[in-house]
Amino acid sequence: MIPYGHQDISQSDVDAVVQVLHSDFLTQGPMVPRFEQAVAARVGANYAVAVNSATSALHVACLALDLRPGDRLWTVPNTFVASANCGRYCGADVDFVDIDPRTYNLSTSALAAKLEEAERSGTLPKVLVPVHFAGQSCDMVGIHALAQRYGIRIIEDASHAIGGRYRGAAIGGCAYSDITVFSFHPVKIITTGEGGMALTNDRELAARMRLLRTHGITREPDRMEGCDDGSWYYEQLDLGFNYRMTDFQAALGLSQHDRVDEFVSRRRQIASTYDERLAGLPLILPFQHPDTESAFHLYVVQIDSDSTLIARRTVFERLRKAGIGVNVHYIPVHTQPYYRRRGFRLGQYPEAEKYYSRAISIPMYAALETSAIDRVTAALREALS
Ligand SMILES: *Cc1c(COP(=O)(O)O)cnc(C)c1O
């Protein structure tokens, strides 16, 4: 089976991890700050906080922005559940904004309309989580302008998007947001096994996220409330978590990070091969907004139901039978039983639902070989016939 996504681990990645395993520190050693500095420097953010997953990064980001019970967090239905769940972890109410049918990202016009209504009813959100779907940036200029107007904080969920660019700048620089989050799960662009990172330009937000990832404990005397009892002394200032990344994960991340550009250019090359080979089939291929350079975490085709009667399910099952490990991203979050129990229902976000009914993610990863691309495109052609 050719999977839809796969990590690319080199001998130098292995060596970097083994070196840490033979060192004194498996965790809380020198590799985590080195990895953080490398990513921050690359994307042009002032601060980076590495944690054990993007889910944890989203959680500490929401807490750092003081999201609480009674507050609201908005995100899109077309995402992994973690983009919404982080709001629930803080006791906030979650709501959704429909997607743009071309980019599959948060629709700026739907956001504008929903904000106007929320202002009238006194239900404005505190935090908005736009998701850079498949690695293509959202319309951050438009979203940021609206957020400024209504006093809303922004967390970019860039789990798909390290190595992508928006208006010429690397995604992660937080030019239009308070915090940006990356995921290092093995199917994402670079991996640490499990892992994530929160980037920000705000010193105080960075300090809060650092505190929260390790039990709310500080060892910095100038942050303490009491007096420093001795060099063993630490203080728990807040209720934090153990969300730390290990040093061997950070070593893997640092080594992988050296190849971000290589990985993304290979993904972009695969995307343009797919674009060429799949043109003319009854498929809607990924639209690329001219402001963006996608990292191409995913390559999603939609079955064009205006030009074929074949159902998505049929195409999907034929591809799986042919050994192509296709997948679907994403089941709209508001239709999950957990969110239905909170009052959401089918029909509320028609663009996300329509997109979902026709989408298939075909294999996309840096190590995907040319012969595998041939197999995927031949199988897709066959499945649609
Ligand atoms: C993968 C993913 C996450 C969660 O990442 P983890 O590192 O697995 O916690 C969150 N949001 C989106 C959009 C993702 O794709």
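Nothing fancy with the numbering, it's 1 onward along the sequence. Just so it is clear, the model here is predicted, and its values are computed rather than measured. Atoms within a ligand are numbered from 1 in the order they appear, just like the ligands themselves.
- Among all protein heavy atoms, the one lying closest to atom 11 (N) of ligand 1 is D157 OD2, 2.7 Å.
- Listed by number with element, the atoms of ligand 1 under 4.0 angstrom from any heavy atom of G195 are 7 (O).
- Of all the atoms in ligand 1, the ones that sit under 4.0 Å from a non-hydrogen atom of T79 are 13 (C).
- Between H185 and ligand 1, no N or O atom pair is found at a separation short of 3.5 Å.
- Less than 4.0 angstrom separates some heavy atom of Y330 from each of these atoms of ligand 1: 15 (O).
- A donor-acceptor pair is defined here as one N or O able to donate and one able to accept, closer than 3.5 Å; no such pair exists between the side chain of Y355 and the backbone of P332.
- F133 has its ring centre no less than 6.0 Å from the ring centre of H329.
- Side-chain N or O atoms of N201 include one that pairs as donor or acceptor with a backbone N or O of N46 at under 3.5 Å.
- Distances between N or O atoms of S183 and those of ligand 1 include at least one value under 3.5 Å.
- Considering only residues two or more places apart in sequence or on other chains, Y356 meets the ring-ring contact (aromatic ring centres under 6.0 Å, His included) condition with none of them.
- For atom 14 (C) of ligand 1, the closest non-hydrogen atom on the protein side is K188 NZ, 3.1 Å.
- Here the side chain of D100 pairs no donor or acceptor atom with the backbone of T108 at under 3.5 angstrom.
- Applying the 4.0 Å criterion to heavy atoms of V131 picks out, from ligand 1, the atoms 13 (C).
- Using a 4.0 Å cut-off to heavy atoms of A54, the atoms of ligand 1 that qualify are 4 (C), 5 (O), 6 (P), 7 (O), 9 (O).
- Screening residues 183-215 for ring pair (Phe, Tyr, Trp, His ring centres under 6.0 Å), with sequence neighbours left out, gives F35-F184.
- At distances below 3.5 Å, not a single donor-acceptor pair connects side-chain atoms of Y349 with backbone N or O atoms of I99.
- Looking at S121, its side chain does come within 3.5 Å of a backbone N or O of E117 through a donor-acceptor pair.
- Checked against a 3.5 angstrom limit, the closest N/O atoms of T55 and ligand 1 fall inside it.
- Taking every non-hydrogen atom of S83 and a distance limit under 4.0 Å, the qualifying atoms of ligand 1 come out as 11 (N).
- Remark: minimum distance from atom 3 (C) of ligand 1 to any protein heavy atom is reached at S159 OG, 3.6 Å.
- Among protein heavy atoms, atom 15 (O) of ligand 1 sits closest to H160 NE2, 2.7 Å.
- Not one N or O on the side chain of E116 forms a donor-acceptor pair closer than 3.5 Å with the backbone of A113.
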